[in-house]
Amino acid sequence: MTETAPIVSVVIPVYNSMPYLTGTVESLLAQQLAAFEIIAIDDGSTDGSGAELDRFAALDDRVTVVHQENSGWPGMPRNRGLERARGTYVLFMDADDTMAPEALRLMVDQADEHDADVVIPRFEGTGGRQVQALFERHPEGPIELARAMETLSPQKLFRRAMLERIGLRFPEGRVRLEDGIFVTRAYIEARRIMFCGAGPLYFIALRDDGGNISGQRIDPENYVASCRRIAEILLEGAPDREAGVSLVRQFFGRKGLRFYAPKRWLRMDEAQRAQWVALHRDFLRDLLPADADARIAHPTDRRKVELIRAGDVAGLDALIRAAELLEHTGAVSGTRAVPGGIELTVTMHAAHPDAPARRAGAGLRVRVADRAYRALRPLITRRAVRGASRVAADLLLRDRPRATLLLSGRKRGRAAAVPGRLAPPAPAAGGAPRDDAAPRYRFVLPHDLLRRYRGERVDAWTVLYADRSTSGDRARLTAQPGLDRRVDGVRVYATNRGNFSLQVRSTR
C-alpha cells in the first residue's frame, strides 16, 4: 500500500514548552485536513517536552520527533524540520500556540485556488497577547506586499517548492528577527500572497512564565543589523527604487521607531538612548534618502526621524516627554456633508490634568474664527478662499493646540493627514457658549481624497500638537455605539470595538 504524501508539513521548534505543548499538538491532530505531518524538533528541552512529544508520536504516526542539543534560538531547529518536510506546503508553528480545526484546510484551499506561495492566517492573541491591527482590519483575500510586511513572524503557510528553489533557510544562531529575514525574502519571491480567514485561525499565546523569545532583552547592535538585512532584501527585490524606499520607510516606522515610544524610551538610561540613536542614524543614512521623510504621514514620527538623522538625543528626549501632555482620546460628535466633502466634528478629551488642549476651545477668538469659517464654508472649495480662511485661523489661534486626523485604508494601507480647525466647545442647554467643556475640532475630508479610498474601509486617528514642532502620539478615533449612516455617499460607522471608521463606496 502506497503511503499518502502529506499536503502540509507543520514544523514546530520546541524548547521547554510545557504545559502549552500539549494543547498545541492536540489542536494540530484535530485539523480537518486529510493529509499532513507534524515535525517537532525538541531543542534540548529539560522540562518533559521531549517525553510529551514522544508520547504523541507513539499514538499517531503523523508525528515525527527529532531530539537534539539546545541550539539557543529557533532558527536552527526550524531549518532541521524544513529539511525533513515532505509536504507541498510548510507551516511553521510555535510550541505554545494553537489553531482552529479548519485552519490548515482553509489555507491550503486558498493557496491552491489562487496559486499563492504564501498564505497568512488571521491571528488572535490569547493570554493577553496583542496582535497587529492588520489581523483585525484586513479583509480576507489578496494582500499587497506593503501590508504583508506588517507581520514578519513565521506562522504562515509557505509553498515548499518556492523555498527549495531559492534555498531559503532561517539564519542560525542568536540572530534577532531571524524570522523576519526569512519571511521578508519569501514575500519578495512569492508570486502571490493571500490573507486567510473570515475569523481567527491561528491563536498566538502570551506565556504567563515569560518564556516567549520575543520578550527577551534586545541587543541593539544585533537587532539593527537584522533590520539592515531586511531593508537590503526589500531594496534589492522591489520592482523599482521608489517602491523599495517606500517599503523600507514603512518598515523603519514599525521596527525602528518603536524604541522611541515613551514606554520604551523613558526606561532607557542615557547610554542606551545614545546607542539606539547612533545605530538608527547610520541605518537612515545608508538605506533611506532624506527626501523620503516627507512621505511620513504621522507628524510625530516625521519629527522623530528628523531628530534621529541629526543625532539629537536631547531633542528626542524633549519631544517624547512632551508627548505625555498631549495624550488624549478623540470621539466623533458630528458628521455631515459640506461643499467639497464631508465634515467630521471631533471632541477631544485630554488625559493629563495640565494638558494644553484641556481649555483649547475657550475664549472669544475661537468663536470668531469658527463663525468666519462657517460663513466661508459655501466657498471653501475654491483654493484661494480655503487658503485665506486657514491663514486667518492660524493668526487668531496661533497659541492654541492644533490637531490632525490620520486616515489609513485597511486593504492598501494608504495614509493621509487632514488638518483640523479648532471649534468652540459644545454649547450649554439653551445655546449659551461654554468655555469649560472639552474642545472640538472640525475636519473636512475632500471628495478627491475620499476617492483614493473607494472600495475600502478606512480607519482614523487623531494627533495633537502643542506647537509647530511638538506633537503627541496618535489616538484611535472613537464613535458613539450604534453609529451607522451614509453621508454624501460615504458610510460612517462604529466598529464592534467602538472605533470610528469609514466605508467609501462612492463619492462625487
Side-chain angles (χ1 to χ4, degrees), residues 137 294-295 297-299 330-348 361 366-394 396-397 400-424 426 439-465 474-480 483-495 499-508:
R137 302 203 305 262
R295 301 293 300 274
H298 191 325
V332 173
S333 51
T335 60
R336 62 175 171 176
V338 296
I342 66 173
E343 180 187 83
L344 306 181
T345 301
V346 176
T347 302
M348 302 289 197
V366 177
R367 293 195 290 272
V368 169
D370 188 57
R371 289 194 190 103
Y373 163 67
R374 284 185 288 159
L376 292 172
R377 192 159 48 204
L379 304 174
I380 211 72
T381 55
R382 299 178 185 177
R383 181 174 298 179
V385 174
R386 186 164 59 246
S389 172
R390 191 164 297 283
V391 168
D394 286 346
L396 278 169
L397 306 175
R400 302 301 173 94
R402 302 163 185 261
T404 293
L405 183 74
L406 301 179
L407 303 176
S408 180
R410 293 188 179 184
K411 191 169 184 180
R412 298 179 183 88
R414 290 176 178 171
V418 179
R421 292 175 180 268
L422 184 60
R440 298 184 299 169
Y441 290 83
R442 293 195 173 101
F443 302 91
V444 174
L445 281 54
H447 289 137
D448 57 353
L449 172 63
L450 292 168
R451 277 191 286 270
R452 292 173 50 189
Y453 295 104
R454 184 175 290 154
E456 280 209 71
R457 294 176 188 262
V458 183
D459 297 315
W461 294 259
T462 49
V463 175
L464 280 174
Y465 302 71
R474 67 181 190 175
R476 186 73 166 87
L477 188 59
T478 63
Q480 293 181 343
L483 174 66
D484 193 342
R485 59 188 294 255
R486 291 180 68 83
V487 180
D488 208 13
V490 176
R491 180 190 174 206
V492 297
Y493 67 99
T495 68
N499 296 320
F500 176 84
S501 289
L502 305 166
Q503 186 174 12
V504 185
R505 293 169 175 163
S506 64
T507 58
R508 290 182 181 177

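Residues: numbered from 1 along the sequence shown.
If you take OH on Tyr453 and CZ on Arg414, they are separated by 8.0 Å, rounding to the nearest 0.5 Å. One distance of note links CG of Leu502 with CG of Leu450; it measures 7.0 Å at 0.5 Å rounding. The distance from the CZ atom of Arg486 to the CD1 atom of Ile342 is 11.0 Å, given to the nearest 0.5 Å. Between Leu483 atom CG and Thr478 atom OG1 the span is 10.5 Å, to the nearest 0.5 Å. Atom CZ of Arg402 and atom CG of Leu422 lie 10.5 Å apart (nearest 0.5 Å). Expressed to the nearest 0.5 Å, how far OG1 of Thr335 lies from OH of Tyr493 amounts to 14.0 Å.
Of all heavy-atom pairs between His298 and Val463, the closest is CE1-CG2, 3.9 Å. Taking both residues in full, the closest heavy atoms of Leu406 and Ala417 are given as CD2-CB, 3.8 Å, listed atom of the first, atom of the second, then distance. Contact record, Gly341 with Asp488: O-OD2, 4.0 Å, taken as the closest heavy-atom pair. Scanning all heavy atoms of the two residues, the minimum distance from Arg442 to Ala423 falls at NH1-CB, 3.4 Å. Across every non-hydrogen atom of Glu343 and Val338, the tightest pair is CB-CG1, 3.7 Å. Counting all heavy atoms, side chain and backbone alike, Asp459 lies closest to Arg476 at OD1-NH2, 2.9 Å.
Residues Leu445 and Leu405 are in side-chain contact: their nearest non-hydrogen atoms beyond the backbone lie under 4.5 Å apart. Looking at heavy atoms from C-beta onward, Phe500 lies in side-chain contact with Leu344 at the 4.5 angstrom threshold. Within the 4.5 Å cutoff, no side-chain heavy atoms of Val444 are placed close to those of Arg421. Contact of the Leu407 side chain with the Leu449 side chain is registered, since non-hydrogen atoms from C-beta on lie closer than 4.5 Å. Looking only at side-chain heavy atoms (C-beta outward), Val458 and Val504 come within less than 4.5 Å of each other. At least one side-chain heavy atom of Ser333 sits under 4.5 Å from a side-chain heavy atom of Thr345. Looking at Trp461 and Leu477, their side chains never come closer than 4.5 Å, going by heavy atoms from C-beta outward. In this structure, the side chains of Arg137 and Thr495 stay at 4.5 Å or more apart for every pair of heavy atoms.
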Test side-chain contact (heavy atoms from CB on, under 4.5 Å) on Val332 and Phe443 and set out the steps. CA-CA 10 Å; Val332 173; Phe443 302 91; over 6 Å; no
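Side-chain atoms of Ser408 do not come within 3.5 Å of backbone N or O of Ala460 as any donor-acceptor pair. Remark: the backbone N or O of Lys411 is paired with a side-chain donor or acceptor of Glu456 at under 3.5 angstrom.
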